[in-house]
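Quick notes on the structure that follows.
We number each residue from 1, following the sequence as shown.
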Amino acid sequence: MKKEEHVGKYMEVWGDTVDPKELGISALLCIVTTMAFFLIGRSVLSGIPTLDPGLAKGYSLLVGILGCFIGAAICAKMFKPKRKIMIQFEEENIEDILKAAGMTMEEEIEALRTVSPEIIKEMEDLEIYSLLALIPEDSPNYKPEYKEKLAQKGGNKA
């Protein structure tokens with residue numbers, strides 16, 4: 001049975017592409033687990049008469065951080081990555097791929113014009129010359145070798 005593919009609008013956070021709904025749920029879940037662990041830790045540790053109140057507060061923060069990690073682990077299990085690495089990317093129709101990602105060709109070209117050098121480097125490492133060849137010549141990310149490498153690989157231009 002084929003799994004249903006998620007197509008929609010995404011946003012970029014800290015260099016990663018995420019679904020805003022899942023990001024919101026994850027943030028809320030982590031806030032709840034962090035605060036729950038902190039408050040429970042504070043009440044338990046404050047009830048220990050031999051523990052200094054200042055230390056009890058400090059340890060409560062550590063218990064809260066533990067809750068944050070637990071919330072993050074739950075979110076990692078709930079929301080699996082949606083990336084797909086396509087080995088033969090150049091043989092695919094770029095417009096179909098962009099449409100599946102919820103973008104138009106013009107939006108991708110504009111994004112490539114201003115994308116960070118780290119992302120360009122990652123695309124170079126993955127040899128995604130079909131997209132790199134779309135970078136406009138007036139962009140600081142433009143390199144003429146992208147079109148040459150695409151032609152060498154026998155890729156199609158969009």
- Message: Taking OH in Tyr59 as the centre, count heavy atoms belonging to other residues, nucleotides or ligands within less than 6.0 Å. Is the count above 12?
- Response: no

Heavy-atom count around Glu122 CD within 6.0 Å, excluding the residue itself: above 12?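 Not buried by this count: 12 neighbours or fewer within 6.0 Å.
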
Throw together a table of side-chain donor-acceptor distances under 3.5 angstrom for residues 27-42, partners on residues two or more places apart or in other chains.
| residue | atom | partner | partner atom | Å |
| --- | --- | --- | --- | --- |
| Thr33 | OG1 | Leu29 | O | 3.2 |
| Thr33 | OG1 | Cys30 | O | 3.2 |
| Thr33 | OG1 | Gly67 | O | 2.9 |
| Thr34 | OG1 | Cys30 | O | 2.6 |
| Thr34 | OG1 | Cys68 | N | 3.4 |

Can a salt bridge be assigned to the pair Arg113 and Glu110 using a cut-off of 4.0 Å between side-chain N and carboxylate O? yes

Can you tell me how far the [atom1] atom of [X] sits from the [atom2] atom of [Y], to the nearest 0.5 Å?
X      : Y      : atom1 : atom2 : value
Lys57  : Ser46  : NZ    : OG    : 8.0 Å
Thr114 : Asn141 : OG1   : CG    : 7.5 Å
Met78  : Ile25  : CE    : CD1   : 6.0 Å
Ile120 : Ile128 : CD1   : CD1   : 10.0 Å
Tyr129 : Glu145 : OH    : CD    : 8.0 Å
Asp125 : Glu127 : CG    : CD    : 9.0 Å

Query raised in the report: Yes or no on side chain to side chain contact (heavy atoms under 4.5 Å, CB included) for Leu23 and Met11, after CA distance, side-chain angles and deciding distance?
Result: CA-CA 10 Å; Leu23 178 64; Met11 58 190 274; 4.2 Å; yes

Worked verdict on Leu45 versus Leu51 for side chain to side chain contact (heavy atoms under 4.5 Å, CB included): CA-CA 7 Å; Leu45 294 169; Leu51 187 62; 4.1 Å; yes

- Show your reasoning for whether side chain to side chain contact (heavy atoms under 4.5 Å, CB included) applies to Met123 and Val115. CA-CA 11 Å; Met123 292 174 73; Val115 74; 5.6 Å; no

### Query
Would Leu62 and Ile48 show up in the same hydrophobic cluster when neighbours are defined by side-chain heavy atoms closer than 4.5 Å?
yes

Say whether Glu124 and Tyr146, considering side chains only, have a donor N or O and an acceptor N or O under 3.5 Å apart.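 Present: a donor and an acceptor within the cut-off.
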
Exercise. Test side chain to side chain contact (heavy atoms under 4.5 Å, CB included) on Ile70 and Leu66 and set out the steps.
Key: CA-CA 6 Å; Ile70 290 171; Leu66 175 66; 4.1 Å; yes

In the structure I gave you, are the side-chain heavy atoms of Leu134 and Met105 within less than 4.5 Å of one another anywhere?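 Yes. Closest side-chain heavy atoms under 4.5 Å.
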
